[in-house]
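Right, one structure below, let's go through it.
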Amino acid sequence: MDEKYFAKKIEAKWQKFWAESRAFETDVDDAKPKFYQLEMLPYPSGNLHMGHVRNYSVGDAVAWYKRLKGFNVLHPIGWDSFGQPAEDAAVKRGVNPRDWTEANIKAMRGQLERLGLSYDWSRQMAAHRPEYYKWDQWFFLKMFEMGLAYKKKTQVNWCEYDKATLSNEQASGGLCWRCGNPVTKKDLEQWFLKTTAYADQLLDDMATIESGWPSHVIKRQQDWIGRSTGAFVDFKLSGSDEKVRVFTTRIDTIYGANAVVVAAEHPIVANRRDDLSAEVINKIDEIVVEKNKPMDRETEIEKDGIDTGLKAINPFSGEELPVWVGNYVMMEYGTGAVMSVPAHDERDFEFAKKFGLPIRQVISEPHLAHEHHTMQALALEVPYTEQGVLVHSDFWNGKTSADAKTEMADHAEQHGFGEAATTFRLRDWGISRQRFWGAPIPIIYCDECGVVPEKLENLPVRLPENAPITGTGESPLAKVAEFYETKCPNCGGAAHRETDTMDTFVDSSWYFFRYLDPNNDGKPFDTAKAAYWTPVDQYIGGDDHAVMHLIYTRFWSKVMRDMGLVSFDEPVHRLLTQGMVVGETFYDDSTGKKKYYIPSEVVVERDLKGKITAAKGTDGTILKHAIERMSKSKGNGVDPDEMVDIYGADATRLFVLFAAPVDNELVWHEAGIEGAVRFLQRVWRFVYSWKDSLGQQDGEADADLSPAARKLQQKVHQTIKRVEDALDTLQFNTPVAALMELTNSLYESGIKPDAATNADRAAVREGIEALNKMLVPFAPHTAEELYSVLTGNEIGIVANGAMFPEFRQDLAIADEIEIAVQINGKLRSRVFAAPDADSTALEELALADEKVNEFIDGKTVVKIIVVPGRLVNIVVKG
RNA sequence: GCCGAGGUGGCGAAAUUGGUAGACGCACUAGUCUUAGGAACUAGCGUCGAAAGACAUGCGAGUUCGAGUCUCGCCCUCGGCACCA
């Protein structure tokens with residue numbers, strides 16, 4: 001190696017060395033603690049993007065740090081390789097999904113390797129390979145056995161653009177998670193996994209991981225699971241034995257009910273199509289049609305409904321109420337029917353206003369309760385949705401809402417018309433997909449025996465080599481007779497296979513257990529290995545999976561626990577969600593639609609300070625300027641390969657870590673990455689300027705450290721502490737800053753190799769070595785190269801067992817520190833004192849200061865506050 | 001509408017958790033060296049001011065010797081949810 005920093009050369013050298021020496025293949029040394037560092041696995045699209053780079057740079061920094069801290073580190077990677085893009089490629093370009101996927105994996109692995117990420121490649125898994133999806137199928141059959149997998153006909157979320165079925169999580173917000181287009185409904189037979197069976201656990205167990213997960217993810221999961229406690233109440237239909245069961249969280253308001261409102265699909269109306277008037281039937285059908293239309297996020301849906309003419313009896317008051325159909329009642333939640341209490345619910349209020357239904361107040365603000373008893377119920381201007389005291393509620397008058405809720409639910413139960421109840425927003429996970437590129441659902445339909453699970457020993461149910469992929473939303477496997485024609489495992493008669501495949505989120509629900517034992521042919525993984533490595537110590541990924549992958553994987557772990565495969569409740573103890581990488585965009589929206597300009601088509605004007613004041617296209621169009629998520633079409637995308645090529649992997653990674661706190665958005669400015677290169681070069685030059693002088697101990701008696709060397713020593717140890725604390729709390733920008741400061745201090749010390757004493761040389765050596773080791777998590781290639789330059793060994797940092805530098809408090813403390821002197825809280829002067837100088841000494845020093853005396857001259861000192869080690873504040877009057 | 005996070009220089013950000021606001025970096029300005037420099041180095045860089053100093057952490061109050069940090073009330077930005085009874 002020459003003395004000039006040349007990223008390409010050293011990066012290629014060390015990547016080759018790491019691969020050949022299998023430097024990152026996981027060893028288990030019983031004397032060391034374990035650390036499982038996991039990052040969300042990529043979909044093999046063929047192109048790494050900057051978001052991946054950020055995710056994996058952070059993960060790699062943690063993995064390296066833990067290695068240097070003496071852990072057995074497991075740091076694997078794999079491929080979420082089933083999914084729609086492979087089918088899209090097949091439709092568009094006629095390629096085979098398998099070939100396309102394998103080629104992409106190969107290409108992306110190359111990209112990851114060029115970044116120098118320290119993965120244990122020997123544990124790689126890929127979801128689309130039969131050795132993996134065999135176990136998806138195995139889990140499915142186990143869940144079928146346990147009653148956790150079942151089939152039902154249902155309205156599924158359907159994305160017309162992608163021609164794809166979506167789970168509720170994937171259709172969150174009424175928009176497709178993949179393409180962002182509105183979601184419609186479609187009737188389909190679907191396989192479901194019973195996530196609702198774990199709703200309580202999914203919610204309650206969050207308490208055990210709360211401290212290690214970002215609060216916004218916890219919050220979103222809580223909202224998603226959406227537990228609400230209340231009661232079921234049965235309203236008997238007049239002139240019938242039938243009952244309508246409603247769910248309410250506010251049974252205390254039941255005397256204010258003016259109607260029972262049911263969903264359009266509710267059996268009570270669906271079963272009476274012949275009896276209801278044509279007008280009612282028409283309205284019901286209209287509501288159903290409206291409901292199944294793609295949702296428009298912007299406009300609020302207006303309340304609609306109709307009186308069915310049916311009557312129901314309020315079991316508390318005995319009052320006869322009309323039964324309405326309302327478009328705001330959802331069949332999928334609760335019982336599909338509600339009691340409408342307009343005085344105390346916004347939606348019911350709006351509904352009552354629109355249709356002129358009576359509004360009766362039955363809950364009062366506590367201090368007004370007495371008046372209400374003597375008053376007629378008043379028409380409210382706005383609904384009163386708070387809790388309060390019951391009025392106009394017969395026997396229950398005067399009770400608080402809280403008391404009434406429990407007592408009234410008990411009352412209902414005792415009299416057989418209701419009970420306390422809990423409902424969830426969470427629905428079961430629909431996993432059937434009418435897709436080719438996924439794990440076949442291992443179920444067989446037999447005319448004689450019905451639904452029959454495939455035998456475990458027949459797994460995997462393999463995907464056929466070829467299937468007609470059309471992208472029209474029908475199952476391609478249904479057109480491959482060799483695939484679906486089979487024999488019943490039960491009776492041996494002719495039968496056919498399920499032709500739907502599994503949602504790809506099945507694959508990612510347990511992939512990180514397969515890393516522990518990737519070649520196991522008899523089990524998904526060895527339980528002893530799982531007991532050692534899991535739960536995951538640190539998981540890192542984007543927060544777009546807050547309610548998809550991260551709920552599914554928690555569910556899956558709980559099922560595996562109940563199967564006896566693992567013994568914990570939660571698979572991930574610490575979660576870090578990194579922010580998005582965004583870029584500057586320039587666009588013209590004068591035509592109503594945004595037209596993006598690529599950077600080479602944009603001319604930017606800046607003011608003296610460098611702020612952008614105007615932007616124009618080279619065609620003269622005045623452009624607007626914004627920060628948006630990176631994408632090719634917006635012209636703000638950055639190709640990681642290109643960055644690595646120009647600046648090097650280390651500089652790219654270092655910059656990504658340094659540029660912003662890890663959970664913030666990161667705005668890509670290419671100029672910033674040059675700063676990272678400059679820093680690495682500065683380190684490089686300094687080490688080279690010293691490399692021949694560090695070992696010299698030419699007999700000269702050890703002198704004391706010079707003041708400059710002593711100062712450097714302090715900085716070294718302060719930096720060790722700062723870097724350690726930062727990495728322990730998952731901060732990556734501040735430790736890089738600390739290393740830059742340390743580098744500046746090395747230069748500023750002014751200690752020259754030829755002029756230095758042995759002691760001073762040793763101080764510089766300590767600084768260089770500490771810097772070198774602390775640089776490893778951020779710029780591993782450069783660090784390896786410098787390490788070999790300094791130590792003369794070529795076996796690499798891992799093999800050499802190098803450890804993170806050791807912090808010494810006694811060396812970090814300065815001999816003399818600066819104490820701020822304030823007068824009335826304003827900084828007026830500074831004095832110097834020993835770090836352990838006591839209050840009296842500091843006070844004396846401050847009062848002796850010339851500048852201080854100028855300020856307090858002629859005034860009365862009222863009080864003096866001394867914070868040892870920090871400041872003196874003199875309070876004066878007059 | 002509800003929930004969450006956040007407002008600090010031209011920009012990305014620090015701030016030992018109530019104690020010297022703006023570390024570190026980018027951009028910018030001036031200079032040195034160089035055939036040259038988009039290299040390196042030196043100096044400057046919150047605002048106003050010649051300086052002393054004054055004013056500065058979204059706005060307004062409060063607590064305190066002392067507030068970016070704590071309390072209350074507003075304003076704004078970004079994310080999430082969408083009639084969940």
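Values reported hereafter were calculated over all heavy atoms of this structure, with side chains retained and with hydrogens, waters and symmetry mates removed. Residue numbers begin at 1 in each chain, while the letters A, B, ... track the order of the sequences. For clarity, every value in this text was computed on a predicted model and none was experimentally measured.
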* Structure fact -> Ordered by number, residues from residues 322-334 of chain A within less than 4.0 Å of RNA chain B (heavy atoms) are Asn327(A), Tyr328(A), Val329(A), Met330(A), Tyr333(A)

* **From G53(B), G25(B), A85(B), nucleotide with atom closest to Asn744(A) side chain** => G25(B)

* Would you mind reading off the distance between Arg678(A) atom CZ and U42(B) atom P, rounded to a whole angstrom? => 13 Å

* To do: Tell me yes or no: between the side chains of Tyr328(A) and Glu350(A), is some donor less than 3.5 Å from an acceptor?
  => no

* Does the ring of Phe351(A) carry Lys303(A) above it, NZ/CZ under 6.0 angstrom from centre and within 45° of its axis? -> no

* Please state how far atom CG in Asp223(A) lies from atom C1' in C83(B), giving the value in whole angstrom units. => 16 Å

* Ignoring hydrogens and angles, state whether a donor on the side chain of Asn744(A) or Arg682(A) is under 3.5 Å from an acceptor on the partner side chain. => yes

* Gap in Å between the two C1' atoms, one belonging to C83(B) and one to U77(B), rounded -> 27 Å

* Any idea which of C83(B), U20(B), A27(B) is nearest the Leu871(A) side chain? -> U20(B)

* Of the nucleotides A82(B), C24(B), G66(B), which one has an atom closest to the side chain of Trp224(A)? -> A82(B)

* To do: Rounded to the nearest angstrom, tell me the gap between atom CD in Gln731(A) and atom P in U17(B).
  => 13 Å

* Using the C1' atoms only, state how far G22(B) lies from C72(B), rounded to an integer number of Å. => 28 Å

* Whole Å only: how far is the CG atom of Asp543(A) from the P atom of A5(B)? -> 14 Å

* Does Arg828(A) make a side-chain donor-acceptor contact with the base of U20(B), cut-off 3.5 Å? -> no

* **Ala660(A) side chain, from C-beta outward: closest of G53(B), C24(B), G12(B)** => G12(B)

* Asked: Among A13(B), C81(B), G25(B), which nucleotide sits nearest the side chain of Arg425(A)?
  -> C81(B)

* To do: Nearest whole angstrom, please: distance from the P of U16(B) to the NZ of Lys715(A).
  => 15 Å

* Let me know the distance between CG of Asp725(A) and C1' of A15(B), rounded to the nearest Å. => 15 Å

* **Among A13(B), U20(B), A15(B), the nucleotide that comes nearest once only the side chain of Ala820(A) is considered** => U20(B)

* Asked: Base, sugar-phosphate alone, or nothing: which one does Arg220(A) contact when heavy atoms must sit under 4.0 Å apart?
  -> sugar-phosphate

* Structure fact -> Closest of U20(B), G19(B), C24(B) to the Arg870(A) side chain is G19(B)

* Asked: Roughly how many Å is it from CZ in Phe679(A) to P in C24(B), rounded to a whole number?
  -> 13 Å

* What is the distance, rounded to the nearest whole Å, between atom CH2 of Trp213(A) and atom C1' of G4(B)? -> 17 Å

* To do: Please evaluate the base of U20(B) for a donor-acceptor partner in the side chain of Gln822(A) within a cut-off of under 3.5 Å?
  => no

* Relative to the ring of His717(A), is the ring of Phe807(A) parallel (under 30°), tilted (30 to 60°) or perpendicular (over 60°)? -> tilted

